[in-house]
Q: 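Take this structure first; my questions come after.
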There are 2 protein chains.
Amino acid sequence: MNAVTLLKKKRSGERLTKEELTFFINGFTKGEIPDYQMSAFLMAVYFKGMTAEETADLVNIMEYSGDVVDLSKLKLPKVDKHSTGGIGDKTTLILAPLLASCGIAYPTIAGRGLAHTGGTIDKFEAIPGFKCFLPLKRFEELVNTVGLAFIGQTAELCPADKKIYALRDVTATVESIPLIVASIMSKKLAEGIDAILFDVKTGSGAFMKTEKEAEELSKALVSTAKAAGKFATAMITDMSEPLGHAVGNANEVNECMAFLRQGPQDAPPEKRLYELTMELAVELYSLAEQQRGNKRPNKTAVKELLEEALKSGKAYSKFLEIVSLQGGDTNALDEGLPLASKIVPFIAEKKGFIGSMNGETIGMALVELGGGRRKTSDKIDHSVGFWFDKFVGDSVKKGEVIAQIYAKDAKTAEIARKMLESAIEITIEAPSKAKLIRKTI
Amino acid sequence: MNAVTLLKKKRSGERLTKEELTFFINGFTKGEIPDYQMSAFLMAVYFKGMTAEETADLVNIMEYSGDVVDLSKLKLPKVDKHSTGGIGDKTTLILAPLLASCGIAYPTIAGRGLAHTGGTIDKFEAIPGFKCFLPLKRFEELVNTVGLAFIGQTAELCPADKKIYALRDVTATVESIPLIVASIMSKKLAEGIDAILFDVKTGSGAFMKTEKEAEELSKALVSTAKAAGKFATAMITDMSEPLGHAVGNANEVNECMAFLRQGPQDAPPEKRLYELTMELAVELYSLAEQQRGNKRPNKTAVKELLEEALKSGKAYSKFLEIVSLQGGDTNALDEGLPLASKIVPFIAEKKGFIGSMNGETIGMALVELGGGRRKTSDKIDHSVGFWFDKFVGDSVKKGEVIAQIYAKDAKTAEIARKMLESAIEITIEAPSKAKLIRKTI
């Protein structure tokens, strides 16, 4: 077996055997197959795709390229949600403690944000003292005892994915369904979960701009997860405007706190954030029930049960418990994380309706504020961000505040304000509002 | 401008501007763009191709990536022939002195053989003392004064091609028409020629197995050469059996000597080798006439003139002159270069006709003898090879000699003999003989 022969096979659209894929992927991970052969392979896969069987093989090889989490001692069903990323997408911070407080384990190994999309690990790093990089053994312990934990991808976990992803990023081979599926699934399976829910975003703020692309990815993700013996659902959801009021790490954490706490001091959650989070939570609960061997439960009953976990404070306590165990300052969290001090309102220049909000531009405006990354090595400022008061379809008066900008100085605030101006369109007619949940697969 | 953006453009099938190609190719040559981005680019070109304009730009950028030969002081028309390579393909050694003896300059910068195909430089290195690696200035001097010279590709000539070719070889991106065209044309244009003849081989011993592929490549070569302001013709010629009796470097040089010398001690040239060489010579002469501003001459008249140059000994003297000036031992050449001493006949196991001869297998049998390369760094033995007495369509009796094997020992002779057995088919019915010159473009 040699790399050039396998490249020729893939180039001609022939399927590779598991043995051949193992030779190529493990050879690359060990440094025996050079970058330039892997990048030619990735480009060939971009053009020729992979069969369902090849994709499943690739997932399996990448999953076992390093250590895997062992949660076999834990008798609870173990679920996770994966979002393809968007603007203000913060549901993991709510879902994990909510499900864990209802007897469902929720191990999370998450990533950092890049370009216009945020990352869960960045949000946790906004909490003073919180440690995102724990050994896998400690992660297993926490999930076994508390039912949840949040860590970043360690060096031992899926090293093949880490190395391949870095190469895809610089060789224009990110946008390939089988490669996306392999990257997502290998990490999720290495987490030791039983069931998985994919939140596949579509719209201006999403990676998959069209619903067709989102559907193609959803189907590939669900079928690969099922082929690996997992319960799985994909929901195609709207990302044509920010999800919730807050964008920016500390700001988003504060919004999640208010959601979980539901205290007298807290404003009710933003409508779409609430609706999506509860839909995802109900689906995760149902997947867990299937894993227990039960039938899919009644949706209304599950929703009531989850709402009770929020109202009673169980979900909030669960969150504080894990934050505390991972070294985070729960007092700071309860008081609200501090935001950047230069606050500039973004106001409507004319009367009308919010016609559209370009998610990608809003995400890049956060990068300009210092709250996101251009390249993976960038440091970020957790305190900057936006708080949106208006969303698509809302009417605005001239001079009314659409959003607050939290910046470190006037200069970056002004850059961000200009970007919001180009991102947010005010129309005379009320626009049609995009459906939040487009499809369930 | 950045590499990933250009990769995305190429990946989507958009055409790149000359500025963009310059950025990419020169960046790679200088080491600023890494191998892995170039290999992704090459694979994208493999799938998406290049327009005629992009190919011409690529040729130009690669041509000027290093030094170019300056033959502007020489008033003679300057021609060259490029063969896509085959088994026993030795016409350059005859054409160059033949044309040069008729007042047409013939500068040759040639390559080494790899896998089943031979290389012109290897044949010259079979001549004791012959120096293939001269500075470009010396090459110019020789062509200016003698009308021909033979050198290998130096480090200063087309460094972009050298670096890109090495990468194509290990990333399964050799078989791409625009990349093949760019590699051939950049080197030929850097030679300082006015007109070029492409001998595009088709059949079992050729790189392009089918006539369709050969025609596609021929058209691309001719149109790119014309776009660069050169007179150009392509001939698609048969490579479904060895060209001439001899295969193996010293053996082939000896066959060329006999062809050029036409002495009483020399057997007449093999029919197809003679026919093809003369057709190529006539076409080169005609291209030179066009370069001089004349009409295409009468073919029969040109052929007579060329035959006279052979009979008179002018062509032979020209060859000895350049060999001597490049340090080669002309006595050794005239006496015949020594061949390997283990001579084993390959005999017909049954009565019938030579039905087919698999060129690729015969080429690989030469590699097994030590006369060809598996990888570019392999050393080769010039004395080994084959002498074919029979060709496709010839009748054979049981026990009759089809070829002689010249090996360094009995072991490699036996390996080669077994390979000839699988390469040469004996049929009951006489096969239809492939036409030697398939098409002229």
Side-chain angles (χ1 to χ4, degrees), chain A residues 1-14 16 20 23-24 27-29 31-50 114-115 162-180 207 209-210 213 360 374-376, chain B residues 1-14 16 20 23-24 27-29 31-50 114-115 162-177 179-180 207 209-210 213 360 373-376:
Chain A
M1 215 181 288
N2 77 69
V4 178
T5 311
L6 300 191
L7 281 170
K8 280 190 185 168
K9 266 186 93 169
K10 188 75 257 170
R11 196 191 69 180
S12 326
E14 285 176 63
L16 299 182
E20 289 169 335
F23 169 83
F24 209 90
F28 174 68
T29 310
E32 291 160 6
I33 287 181
D35 283 355
Y36 54 79
Q37 286 182 323
M38 180 53 93
S39 65
F41 176 81
L42 296 169
M43 192 56 92
V45 170
Y46 175 85
F47 282 105
K48 287 295 179 175
M50 278 186 157
L114 190 63
K162 204 169 283 175
K163 224 180 146 184
I164 292 170
Y165 194 86
L167 199 56
R168 283 169 62 204
D169 197 39
V170 292
T171 55
T173 50
V174 170
E175 298 87 350
S176 158
I177 299 272
L179 298 180
I180 296 169
F207 184 60
K209 304 286 182 217
T210 70
E213 292 170 306
E360 189 162 345
R374 272 190 192 78
K375 51 183 195 296
T376 46
Chain B
M1 216 180 289
N2 77 69
V4 178
T5 311
L6 300 191
L7 280 171
K8 281 189 185 168
K9 268 187 91 169
K10 190 74 256 172
R11 195 191 69 180
S12 324
E14 285 176 63
L16 299 183
E20 289 169 335
F23 169 83
F24 209 90
F28 174 67
T29 310
E32 291 160 6
I33 287 180
D35 283 355
Y36 54 79
Q37 286 182 324
M38 180 52 92
S39 65
F41 176 81
L42 296 170
M43 191 56 92
V45 171
Y46 175 86
F47 282 104
K48 287 295 179 176
M50 277 186 157
L114 189 62
K162 203 168 283 174
K163 223 180 146 186
I164 291 170
Y165 194 87
L167 199 55
R168 283 168 63 204
D169 197 39
V170 292
T171 56
T173 51
V174 170
E175 298 89 347
S176 158
I177 298 273
L179 298 179
I180 295 169
F207 185 59
K209 303 288 182 215
T210 70
E213 292 170 305
E360 189 163 344
R373 292 183 185 81
R374 273 190 191 78
K375 51 183 195 297
T376 46

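Please read these numbers as outputs of a predicted model, since none were measured by experiment. Letters A, B, ... mirror the listed sequences (proteins, then strands); counts begin at 1.
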Q: Can you tell which part of A:Lys48 gets under 4.5 Å to a heavy atom of chain B, answering side chain, backbone, both or neither?
A: side chain

Q: Can you name the nearest heavy-atom pair linking A:Thr171 to B:Tyr36, along with the distance?
A: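 Heavy atoms only, the tightest pair is CG2-O, 3.6 Å.
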
Q: Among B:Asp35, B:Val170, B:Val4, single out the residue with the greatest number of heavy-atom pairs under 4.5 Å to chain A.
A: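 Going by pairs under 4.5 Å, I would pick B:Val170.
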
Q: Between A:Glu14 and A:Lys8, does any NZ, NE, NH1 or NH2 come within less than 4.0 Å of an OD or OE carboxylate oxygen?
A: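 Not counted as a salt bridge, because no side-chain N and carboxylate O are separated by less than 4.0 Å.
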
Q: Determine yes or no for a side-chain-to-main-chain donor-acceptor pair under 3.5 angstrom, with B:Arg11 supplying the side chain and B:Ala44 the backbone.
A: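 Between the backbone of B:Ala44 and the side chain of B:Arg11 there is no qualifying donor-acceptor contact (under 3.5 Å).
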
Q: Less than 4.5 Å to any heavy atom of chain B: does that hold for the side chain of A:Leu42, its backbone, both, or neither?
A: neither

Q: What's the shortest heavy-atom distance between B:Arg168 and B:Val174, and which atoms?
A: NH2-O, 2.7 Å

